[in-house]
2 protein chains.
Amino acid sequence: MNNNQQFEYLLKRHQLKRTEPRLRVLSLLSAKSVATSQPDLESVIGDVDRVTLYRILSAFEEKGIIHKVFDLNGTANYALCSSDCAEHDHHDEHLHFNCTSCKKVYCLDDLDVQPVKLPAGFKVETFSLSATGLCPKCNNKEA
Amino acid sequence: MNNNQQFEYLLKRHQLKRTEPRLRVLSLLSAKSVATSQPDLESVIGDVDRVTLYRILSAFEEKGIIHKVFDLNGTANYALCSSDCAEHDHHDEHLHFNCTSCKKVYCLDDLDVQPVKLPAGFKVETFSLSATGLCPKCNNKEA
DNA sequence: AATAAAATGCAATAATGTTGCATTTGCGGT
DNA sequence: ACCGCAAATGCAACATTATTGCATTTTATT
Ligand SMILES: [Mn+2]
Ligand SMILES: [Mn+2]
Ligand SMILES: [Zn+2]
Ligand SMILES: [Zn+2]
């Protein structure tokens, strides 16, 4: 099963119609190891209306196909969810690493994050941890 | 020493001139226990130009007087820093709690957050932890 | 009071996100 | 293969958030 077939299956599984713009978004996101900003997506996706892109992204997010994370500048970045996300039930409580040099956002799964105890009264639904610094690539360049 | 004198001292300490708009921003932020969004500030600050507000906020942030945190919608919220922040050296590695009901952002200091070990290659500069859920007020209303 | 630097206000512009509506398209049923 | 409808797209208009350049005002200092 090639990539494209996987994407088509993914859409079908979430009752989303197989359209060219949607396949492009999936293709772009899956090709990158880091989260991609909306402006970046917009600039490379080609002949797709801006509004359509916004709608695709929010549809995917609602369905649990992608998740959104804001970087240090407050711009939205998107990444494919790990397999166990479902509609309105995201499991993206992994660490997001923001590189201060290249501005990339890394999704780091598989880190054991200790739960934190909050003061009485707060009812926690989700946790998320983020860090800033230099990513491996930029770290090397400096040295 | 009353509040206003404290603010004036704060400005002087950071080599910022004592101006009406700046005092108003300090007064507004210090009166709230939660981080305040830029739009909120803008709507209550009265007769101060929007651009001036932006410039004040970024000046304060650079000096380590306030810190910025993005809420679930990606809008910037601002809060006074705890005393030990300095220019370009913030220590706001506390937990930010985003209430999904009232949308307020709480700065929760004094929680012991365990440092997380990152994969080799990443050079961490700052950590920050955030949570979503119901704040005490909204939690009560539900019950 | 004179001065220089800093801060503000205003206008213009950019970037980002949203809404309504007409048109097109995917897809299940026939 | 065709039909019909819901869904998705594209376009235009608008709203919000943010930035830049420049003239004017204000602050702090001498
Ligand atoms: Mn992620
Ligand atoms: Mn804070
Ligand atoms: Zn980097
Ligand atoms: Zn609340």
Side-chain angles (χ1 to χ4, degrees), chain A residues 4-5 7-28 35-63 65-78 87 103 105, chain B residues 4-5 7-28 35-63 65-78 87 103 105:
Chain A
N4 222 46
Q5 287 175 310
F7 300 152
E8 297 185 9
Y9 172 68
L10 190 60
L11 291 177
K12 178 164 259 178
R13 193 153 61 84
H14 288 98
Q15 294 128 42
L16 294 172
K17 292 186 175 170
R18 194 210 88 108
T19 69
E20 182 59 29
R22 283 174 176 167
L23 289 174
R24 278 199 224 173
V25 170
L26 289 176
S27 169
L28 287 172
T36 313
S37 72
Q38 188 280 327
D40 272 7
L41 284 172
E42 191 176 323
S43 71
V44 297
I45 201 174
D47 203 18
V48 171
D49 195 83
R50 253 161 49 73
V51 180
T52 302
L53 177 56
Y54 278 112
R55 291 198 269 232
I56 288 175
L57 291 173
S58 53
F60 282 4
E61 199 193 0
E62 274 189 6
K63 294 289 190 177
I65 296 174
I66 63 176
H67 68 271
K68 173 160 67 171
V69 50
F70 294 100
D71 66 18
L72 298 174
N73 308 309
T75 44
N77 289 59
Y78 298 90
E87 188 157 359
K103 312 296 178 196
V105 180
Chain B
N4 221 47
Q5 288 174 311
F7 300 152
E8 296 185 9
Y9 172 68
L10 190 60
L11 291 177
K12 177 165 259 178
R13 192 154 61 85
H14 289 98
Q15 295 128 39
L16 294 172
K17 290 186 175 171
R18 193 211 87 111
T19 69
E20 183 58 29
R22 283 174 175 167
L23 290 174
R24 277 198 225 174
V25 170
L26 290 176
S27 168
L28 286 172
T36 313
S37 72
Q38 188 280 327
D40 271 8
L41 283 172
E42 190 177 324
S43 70
V44 296
I45 201 174
D47 203 17
V48 171
D49 194 83
R50 262 162 54 72
V51 179
T52 301
L53 177 55
Y54 278 113
R55 290 198 268 231
I56 289 175
L57 290 173
S58 53
F60 281 5
E61 198 192 0
E62 274 190 5
K63 294 289 188 174
I65 296 174
I66 62 176
H67 66 272
K68 172 160 68 172
V69 50
F70 294 101
D71 65 19
L72 298 175
N73 308 308
T75 43
N77 290 60
Y78 298 89
E87 188 157 357
K103 313 295 179 198
V105 180

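Proteins come first, then strands; the chains are lettered A, B, ... in the order of their sequence lines, and each starts at number 1.
- D:dT27 atom C1' lies 15 Å from atom CD of B:Gln15, rounded to whole Å.
- Backbone-only engagement by B:Arg22 is indicated by non-hydrogen atom pairs under 4.0 Å involving sugar-phosphate atoms exclusively.
- A:Asn73 and A:Asp71 make their closest contact through N-OD1, 2.9 Å (heavy atoms, listed as atom of the first residue, atom of the second, distance).
- A:Glu8 and A:Lys12 are not joined by a salt bridge, as no carboxylate oxygen comes within less than 4.0 angstrom of a charged side-chain nitrogen.
- The distance from atom CZ of B:Phe60 to atom C1' of C:dT8 is 14 Å, rounded to the nearest whole Å.
- Across all strands shown, B:Arg18 has heavy atoms under 4.0 Å from sugar-phosphate atoms exclusively, and none from any base.
- A close approach under 4.0 Å does not occur between any side-chain nitrogen or oxygen of A:Thr19 and OP1 or OP2 of D:dA8.
- To the nearest 0.5 Å, the span separating OG1 on B:Thr36 from CD1 on B:Ile45 amounts to 11.0 Å.
- When the C1' atom of D:dT26 is taken as reference, atom CG of B:Asp47 falls 16 Å away, rounded to whole Å.
- Contact annotation for B:Arg55: base contact, defined as any heavy-atom pair under 4.0 Å involving a base atom.
- Atom CG of B:Leu57 and atom C1' of C:dA7 are 15 Å apart (whole Å).
- In this structure, OH of B:Tyr54 is placed 18 Å from P of D:dG21, rounded to the nearest angstrom.
- Toward the 5' end of DNA chain D, the nearer of the two residues B:Thr75 and B:Leu16, judged by each one's closest nucleotide, is B:Thr75.
- Each of B:Ala76 and B:Lys17 has a nearest nucleotide on DNA chain D; the 5'-most of these lies closest to B:Ala76.
- The shortest non-hydrogen separation linking A:Phe60 to A:Val25 is CE2-CG1, 3.9 Å.
- Not a single donor-acceptor contact under 3.5 angstrom links the side-chain atoms of A:Arg50 to the base of D:dG10.
- With D:dA12, C:dC27, D:dA18 as the candidates, the nucleotide lying closest to the side chain of A:Val51 is D:dA12.
- Here the NZ-OG1 distance, from B:Lys68 to B:Thr75, works out to 11.5 Å after rounding to the nearest 0.5 Å.
- A straight line from CD of A:Glu61 to C1' of C:dG17 spans 14 Å, rounded to a whole angstrom.
- Under 4.0 angstrom from either OP1 or OP2 of D:dA18 there lies at least one side-chain N or O belonging to B:Gln38.
- Rounded to a whole Å, the CG atom of A:Leu23 is 14 Å from the C1' atom of C:dT25.
- Across the protein-nucleic acid pair, A:Ile45 atom CD1 and D:dA8 atom C1' stand 14 Å apart, rounded to whole Å.
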